[in-house]
**Student:** 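What follows is a single structure, and I will ask about it in a moment.
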There are 2 protein chains.
Amino acid sequence: MYDIYFANFRKRVPLTYEEEALIKSYLSVKKVRKRQFLLQEYDVCRSVIFVEHGLLRSFSVDANGSEHIAQFAAEGWYISDLFSFLTEEPATFNIEALENSELVTISKLAHEELLEKCPKYEIFSRILLTDAYVALQQRMNANISKSLDERYATFVANYPDITQRIPQHMIASYMGTTPETLSRIRRRMASEK
Amino acid sequence: MYDIYFANFRKRVPLTYEEEALIKSYLSVKKVRKRQFLLQEYDVCRSVIFVEHGLLRSFSVDANGSEHIAQFAAEGWYISDLFSFLTEEPATFNIEALENSELVTISKLAHEELLEKCPKYEIFSRILLTDAYVALQQRMNANISKSLDERYATFVANYPDITQRIPQHMIASYMGTTPETLSRIRRRMASEK
DNA sequence: AAAAACTATTGATTTAAATCAATAAAATGA
DNA sequence: TCATTTTATTGATTTAAATCAATAGTTTTT
């Protein structure tokens with residue numbers, strides 16, 4: 001049930017069985033079906049979600065009602081509206097299952113207690129955030145400095161698995177462009193090589 | 001010399017004098033003049049920089065030779081090429097002083113030793129990263145979902161001070177647009193209200 | 001004080017991407 | 001199985017932004 005969760009944890013920070021048991025006692029498991037929402041905009045985000053199996057997305061909705069995908073999370077990834085989780089302000093993101101999924105969740109209270117009681121959990125959290133920050137910085141930089149073509153190629157190279165599992169228009173949304181434009185980019189790229 | 005550094009630290013995590021002294025023993029001070037480089041692309045980034053006074057920017061250079069500003073850092077902010085710092089791979093960013101500046105720097109070795117020896121430093125690092133991640137996530141989301149006009153208005157609202165201190169074309173670069181386009185956005189916004 | 005470099009604006013033109021619209025194929029559900 | 005919804009593609013047109021170019025006002029440097 002928590003296999004992937006702890007495999008992922010141990011990859012970064014080794015754990016004794018006692019520590020694993022302690023952490024496990026703070027976690028919950030949740031199964032959701034495709035299209036089910038884990039978080040709705042304007043609700044407070046009460047948990048950080050780890051994906052054991054399946055696929056989720058987080059997205060915002062703009063003034064015109066169009067959706068903008070902020071993040072995907074497949075096996076071994078975390079997802080949350082971190083701002084809402086930390087401040088307990090209403091969320092600006094929605095989180096939705098794109099496939100039937102098996103999740104491990106941790107509540108704010110559990111997270112805070114673990115940070116205090118378990119130094120390894122604190123270390124793990126810091127490393128996790130560091131990695132997430134670096135990845136986001138690279139995405140941000142690509143966004144202001146690279147063409148759509150390059151960014152699409154990078155996405156496919158970085159996430160071949162996700163590329164296969166989601167409809168194209170969601171990649172377009174993640175990249176901040178339209179489905180039509182992405183379709184034309186793909187045609188161009190296919191003919192050019 | 002370290003006033004702003006510790007004021008900023010204590011705002012998030014209270015410190016005893018012993019802890020402050022310990023941390024201080026790992027820090028260095030550096031003064032740089034306008035246009036001086038703290039990091040050049042392809043060098044390994046050996047430190048995380050805290051700005052006591054002054055203003056820095058980090059930027060990448062693309063295949064055409066144009067610069068793209070990733071980040072500004074004024075008093076009380078941190079700046080680094082975190083990927084390079086962590087992995088010791090060559091940096092993809094340059095860091096340059098936009099004003100004469102007074103900096104506090106911490107080396108990788110010092111950072112790692114402090115993380116081990118000083119739990120408060122570990123906590124502080126985690127909180128810092130969390131905040132930085134949330135801010136970057138908001139910037140990223142604005143980038144895929146808002147118009148240039150809105151993003152410029154947000155920048156000015158969020159960083160009125162930096163707006164005053166840097167040339168406009170650098171804000172354009174940070175936003176991923178051209179100086180001409182930003183100039184026209186400003187004209188439009190001025191006439192519309 | 002003069003020259004050089006930097007900065008911001010504006011106009012004309014080109015290019016890239018969004019929008020509007022239609023269609024067809026594929027997946028999903030009743 | 002048939003109807004509905006979702007997905008991807010393509011064409012025509014509009015819109016937004018980049019590019020090219022010129023100018024003028026500022027700063028900075030010598």
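In what follows, chains are A, B, ... by sequence order, proteins preceding strands, each numbered from 1. Everything numeric here is computed off the predicted structure, so don't read it as measured data.
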**Student:** Within 45° of the six-membered ring axis of Tyr17(B) and under 6.0 Å from that ring's centre, is NZ or CZ of Arg10(B) located there?
**Tutor:**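 Ring-cation test returns yes.
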
**Student:** Roughly how many Å is it from CZ in Arg184(A) to P in dA12(D), rounded to a whole number?
**Tutor:**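 One finds 11 Å between P of dA12(D) and CZ of Arg184(A), rounded.
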
**Student:** Starting from the 5' end of DNA chain C, give me the residue, Ser183(B) or Leu148(A), whose nearest nucleotide shows up first.
**Tutor:**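 Nearer the 5' end of the strand: Ser183(B).
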
**Student:** I would like to know whether Arg184(A) and Glu180(A) meet salt bridge (Lys or Arg N to Asp or Glu O under 4.0 Å); could you show each step before the answer?
**Tutor:** CA-CA 6 Å; Arg184(A) 289 180 177 115; Glu180(A) 295 95 326; over 6 Å; no

**Student:** So does Glu180(B) reach the base of dC20(D) with its side chain, donor to acceptor, closer than 3.5 Å?
**Tutor:**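 Donor-acceptor pair under 3.5 Å: yes.
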
**Student:** Is it the case that more than 12 heavy atoms not belonging to Phe37(A) sit under 6.0 Å from its CZ atom?
**Tutor:**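 Enclosed.
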
**Student:** Looking only at atom types and distance, does a side-chain atom of Arg12(B) sit under 3.5 Å from a main-chain N or O of Ile123(B), one as donor and one as acceptor?
**Tutor:**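 Such a contact is absent between Arg12(B) side chain and Ile123(B) backbone.
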
**Student:** Ile144(A) has an atom CD1; how far is it from atom P of dA17(D), in whole Å?
**Tutor:**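 Roughly 16 Å, once rounded to whole Å.
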
**Student:** What is the distance from CG of Leu98(B) to P of dC6(C), rounded to the nearest Å?
**Tutor:**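 Taking CG of Leu98(B) and P of dC6(C), I get 14 Å after rounding.
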
**Student:** Where the side chain of Pro167(B) is defined as all heavy atoms beyond and including C-beta, which of dG11(D), dT9(C), dT7(C) is the nearest nucleotide?
**Tutor:**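 Nearest nucleotide to the side chain: dT7(C).
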
**Student:** What is the separation between atom CG on Asp62(A) and atom C1' on dA18(C), rounded to the nearest whole Å?
**Tutor:**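 These atoms are roughly 14 Å apart.
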
**Student:** Heavy atoms under 4.0 Å, any strand shown: does Thr177(A) hit a base, just sugar-phosphate, or nothing?
**Tutor:**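 Sugar-phosphate, no base atom in range.
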
**Student:** Nearest whole angstrom, please: distance from the P of dT29(D) to the NZ of Lys34(B).
**Tutor:**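 Going from NZ in Lys34(B) over to P in dT29(D) covers 7 Å.
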
